[in-house]
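Take a look at the structure below.
Here is the naming used below: chain letters follow the sequence lines, and residue numbers restart at 1 for every chain.
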Amino acid sequence: MTVRVRYAPSPTGHLHIGGARTALFNYLFAKNQGGTFILRIEDTDLERNVDHAAEAFAEQLRWLGVEWDEGAYVGGEYGPYICTDRLSIYDEHIRLLRERGYAYDCFCTETELAEHREMAIVRGETPRYSGRCRHLTEQQRKAFLTEGRKPALRFRVSDDEVIHFADMIRGEMTFDAGATGGDFVIVKSNGIPTYNFACTVDDYLMKITHVIRGEEHISNTPRQLLIYKAFGWEPPTFAHVSLILGANGKKLSKRDESIIQFIEQYRDLGYLPEAMFNFLALLGWTPSEKQEILARDEVIRAFGFDRVNKSGAFFDAAKLAWMNGHYVRERSEQELLPLVKHMFLNYHKESKWLESDPWLLKLISLYKDKLNYLAQLPEMASPFLSDVLFPDEDANALLADDSTRAVLSEFAEQVANTTSWDADVAKATLKAVQAATGHKGKELYMPLRAAVLGQLHGPDLNQSLALLGRERILARLLYVQ
RNA sequence: GGCCCCAUGGUCAAGCGGUUAAGACACCACCCUUUCACGGUGGGAACAGGGGUUCGAAUCCCCUUGGGGUCACCA
């Protein structure tokens, strides 16, 4: 039996790091097993669907390198892969369930149900559907219908049943059907099936062998299992992946601002997909070898649920940043160039220096070691990008010092006398200044940094001087004197 | 509250009855370096508590505590 797994997001927003990891684990398992990874769009909540969210998911997933073999946007023989295109399929199955007596119309209104729920909570009881509409007579049904009430369809749960399943991550799981909350809705009064129903039918029809999803779905599993049983279907194997936690230790809420949550935001900050892929894979899974920097195929080769952790994990942005820095350093300047250009679109737009690729390539090579993610570059490299220099506090303090004056004026003179300009010439010039002034080491280099770059820290000085160019150096020396 | 899940350093985590309890990130120190960074070396830092089982428990069982998920005509 070949493995078939699916990621089935509901198109309500942007791809979230938690969703991305779930998708990734599905993908990794499929690829490791030589199976098929499917993308299905779970859009049965008409009100929450967001326009173009599904396309955005697809785009983000592709950016991450989590490609699906079958499903939305690529097709396949088990389609359609968008739930709202499958309504007629659900209808057939609903009829079947009705005929077999597994489902019945419920005319309770939302307000009635809400009242019941609250009363139960007040009494300290577990909220649970009373089963009020379970035994409506045909007459009562007709009366409601002529009244214009639109029924929801409920699945009949027999309370004495014990449900169990083996979870690939958690092992044996057992539930009392009676404790799941009573008869549950499988078709909403607007005629659209609920998640639990659509998901079950789709997974079966699409021949899904392993359902890999977030831990928040554990409590849905018994209900879905009941549906499998009603149809007489063999259920798939389940794997419930632990949650990604926010700084507060709770499931990451979309409003949590302690952490950047959407894949798109990381991309925009200049995080690299290979870093995100690597990092996300390590969130809840560990390879047996002691190595954390892993290329895509290494992860695929090593992945397995026997090494997936049960407990929730905090998303450690600092580690991601470190890992991204590693991958930045691994890329060539040439590979980084288009990303950097794109990055600068939002910053030094007006800088004429951005038009020269050779110049930018040198800038990148100067700063590559210092970067964790590309959005740090515009700020970091601002001495090279803007025409006006604003020396920072330390630089200003040094410039106020008398002993720097001699160095600066000597340097200005020497630079003016050069006939060509590159890193070697800069180096020779500095030597000459050293000889002429007697200042060496920090006494020589720091004043220059302060005057020409406005900062005491930065990339290699000779390279910096070369990149800056003679004219700008002279202009800046003039400015500070 | 009911049901369910989880529990090793600040974080991610290895460990699956006998280890000086790995490694990575972060932090600190030192080295490299004219600075910063990169890189290298070293350091501090953990088995939630209590009972069992066992010659021997981080590892197995129970209880307690703590944290989390879920209790929708949302997924």
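Following rounding to the nearest Å, A:K310 (NZ) and B:rA13 (C1') show an atom-to-atom distance of 15 Å. A:F315 places its CZ atom 16 Å from the C1' atom of B:rA13, with the value rounded to the nearest Å. The separation between A:I259 atom CD1 and B:rG10 atom C1' is 15 Å, rounded to whole Å. A straight line from CZ of A:R86 to P of B:rA75 spans 16 Å, rounded to a whole angstrom. Between the CG atom of A:N220 and the C1' atom of B:rU70 there is a distance of 8 Å, rounded to whole Å. Residue A:F279 contributes atom CZ, which lies 12 Å from atom C1' of B:rA13 at whole-angstrom precision. For the pair A:D159 CG and B:rC3 P, the computed distance is 15 Å after rounding to whole Å. Rounding to whole angstrom units, CG of residue A:N196 and P of B:rC71 are separated by 10 Å.
The nucleotide B:rA75 finds no pairing partner, because no Watson-Crick or G-U wobble arrangement with both distances shorter than 3.5 Å includes it. Across every strand in view, B:rC38 sits unpaired, with no contact that passes the Watson-Crick or G-U test at under 3.5 angstrom. Checking B:rA22 for Watson-Crick or G-U wobble geometry (two distances, each under 3.5 Å) identifies no partner in any strand. Nucleotide B:rU53 forms no Watson-Crick or G-U wobble pair with any nucleotide shown, as no partner meets the under 3.5 Å limit on both distances. Pair assignment for B:rG2 gives B:rU70, based on Watson-Crick or G-U wobble hydrogen-bonding distances that are each under 3.5 Å.
Comparing the P positions of B:rU53 and B:rC62 gives a spacing of 15 Å, expressed to the nearest Å. Straight-line distance between the P atoms of B:rC74 and B:rC61: roughly 40 Å, to the nearest whole Å. When the P atom is used for both B:rC5 and B:rC16, the distance is 25 Å, rounded to whole Å. When the P atom is used for both B:rG17 and B:rC73, the distance is 46 Å, rounded to whole Å.
A salt bridge links A:D45 and A:R48; the closest N-O separation between the charged side-chain nitrogens and carboxylate oxygens is under 4.0 Å. Salt-bridge annotation for A:R149 and A:E112: present, with a side-chain N of the basic residue lying under 4.0 Å from a carboxylate O of the acidic one. A salt bridge links A:E215 with A:R170: the distance from a Lys NZ or Arg NE/NH1/NH2 to an Asp or Glu carboxylate oxygen falls below 4.0 Å.
With B:rA75, B:rC73, B:rA72 as the candidates, the nucleotide lying closest to the side chain of A:T44 is B:rA75. Closest to the A:N309 side chain, of the nucleotides B:rA14, B:rC73, B:rC38, is B:rA14. Considering only the side chain of A:D460, B:rU34 comes nearest among B:rU34, B:rA13, B:rC73. Ranking B:rG68, B:rC3, B:rC25 by closeness to the A:F175 side chain, first place goes to B:rC3. Nearest nucleotide to the A:A179 side chain, out of B:rC3, B:rG1, B:rC12: B:rC3. For A:W322, counting side-chain heavy atoms from C-beta on, the closest listed nucleotide (B:rA14, B:rA72, B:rA24) is B:rA24. Among the nucleotides B:rG1, B:rU70, B:rC74, the one closest to any side-chain atom of A:E216 is B:rU70. Closest to the side chain of A:M446, out of B:rG1, B:rA75, B:rU35, is B:rU35. Comparing B:rC74, B:rA13, B:rC38 by their nearest atom to the side chain of A:K188 picks out B:rC74. Of the candidates B:rU34, B:rG1, B:rG69, B:rU34 carries the atom nearest the A:Y445 side chain, counting heavy atoms from C-beta on.
Among the heavy atoms of the strands lying under 4.0 Å from A:T174 are primed sugar atoms or P, OP1, OP2 only; no base atom is included. Residue A:G214 is classed as having no contact, given no heavy-atom separation below 4.0 Å to the nucleic acid. In this structure, A:M173 reaches the sugar-phosphate backbone alone: every heavy-atom distance under 4.0 Å involves primed, P, OP1 or OP2 atoms, never a base. A:G249 comes within contact range of the sugar-phosphate backbone alone, with a heavy-atom separation under 4.0 Å but no base atom that close. A:H217 comes within 4.0 angstrom of a nucleotide base, judged by non-hydrogen atoms across all strands. Within 4.0 Å of A:L243, counting heavy atoms only, lie sugar-phosphate atoms of the nucleic acid but no base atom. Nucleic acid contact class of A:R128 (heavy atoms, under 4.0 Å, all strands): none. Using a 4.0 Å heavy-atom cutoff across all strands shown, A:R170 reaches sugar-phosphate atoms only and no base atom. Note on A:S10: only backbone sugar-phosphate atoms sit closer than 4.0 angstrom, heavy atoms only; bases stay farther off. Residue contacts for A:T180: at a heavy-atom cut-off of 4.0 Å it reaches no nucleic acid atom on any strand shown. Using a 4.0 Å heavy-atom cutoff across all strands shown, A:R307 reaches sugar-phosphate atoms only and no base atom. Heavy atoms of A:P459 sit under 4.0 angstrom from at least one base atom. The residue A:K442 sits close only to the backbone: its heavy atoms come under 4.0 Å of sugar-phosphate atoms, none of a base. Residue A:L282 is in sugar-phosphate contact alone, with no base atom involved, counting any heavy-atom pair closer than 4.0 Å across all strands shown.
Ring-centre distance between A:W285 and A:F303: below the 6.0 Å cut-off. Between A:Y195 and A:H217, the distance from one ring center to the other falls under 6.0 angstrom. Checked against the 6.0 Å centroid criterion, the rings of A:F197 and A:F184 do not qualify as a close aromatic pair.
Ranked by how close their nearest RNA chain B nucleotide is to the 5' end, A:G458 and A:F107 are led by A:G458. Comparing A:E172 and A:R154 against RNA chain B, the residue whose closest nucleotide sits nearer the 5' end is A:E172.
With A:F25 as the aromatic partner, A:R21 meets the cation-pi criteria of under 6.0 angstrom to the ring centre and within 45 degrees of the ring axis. Annotation: cation-pi pair A:R154/A:Y129 present, NZ/CZ under 6.0 Å from the ring centroid and within 45° of its normal.
Scanning atom types as modelled, one donor and one acceptor separated by under 3.5 angstrom connect the side chain of A:E292 and the base of B:rG23. Contact of A:S311 with B:rC6 (side chain to base): no donor-acceptor pair of N or O atoms is detected under 3.5 Å. Side-chain atoms of A:D316 stay outside donor-acceptor range of the base of B:rA26, with no qualifying N/O pair under 3.5 Å.
Annotation: A:F305, atom CZ; neighbour count of heavy atoms from other residues, nucleotides and ligands within 6.0 Å is above 12.
Phosphate contact (OP1/OP2 of B:rA14, side-chain N/O of A:T286, threshold under 4.0 Å): present.
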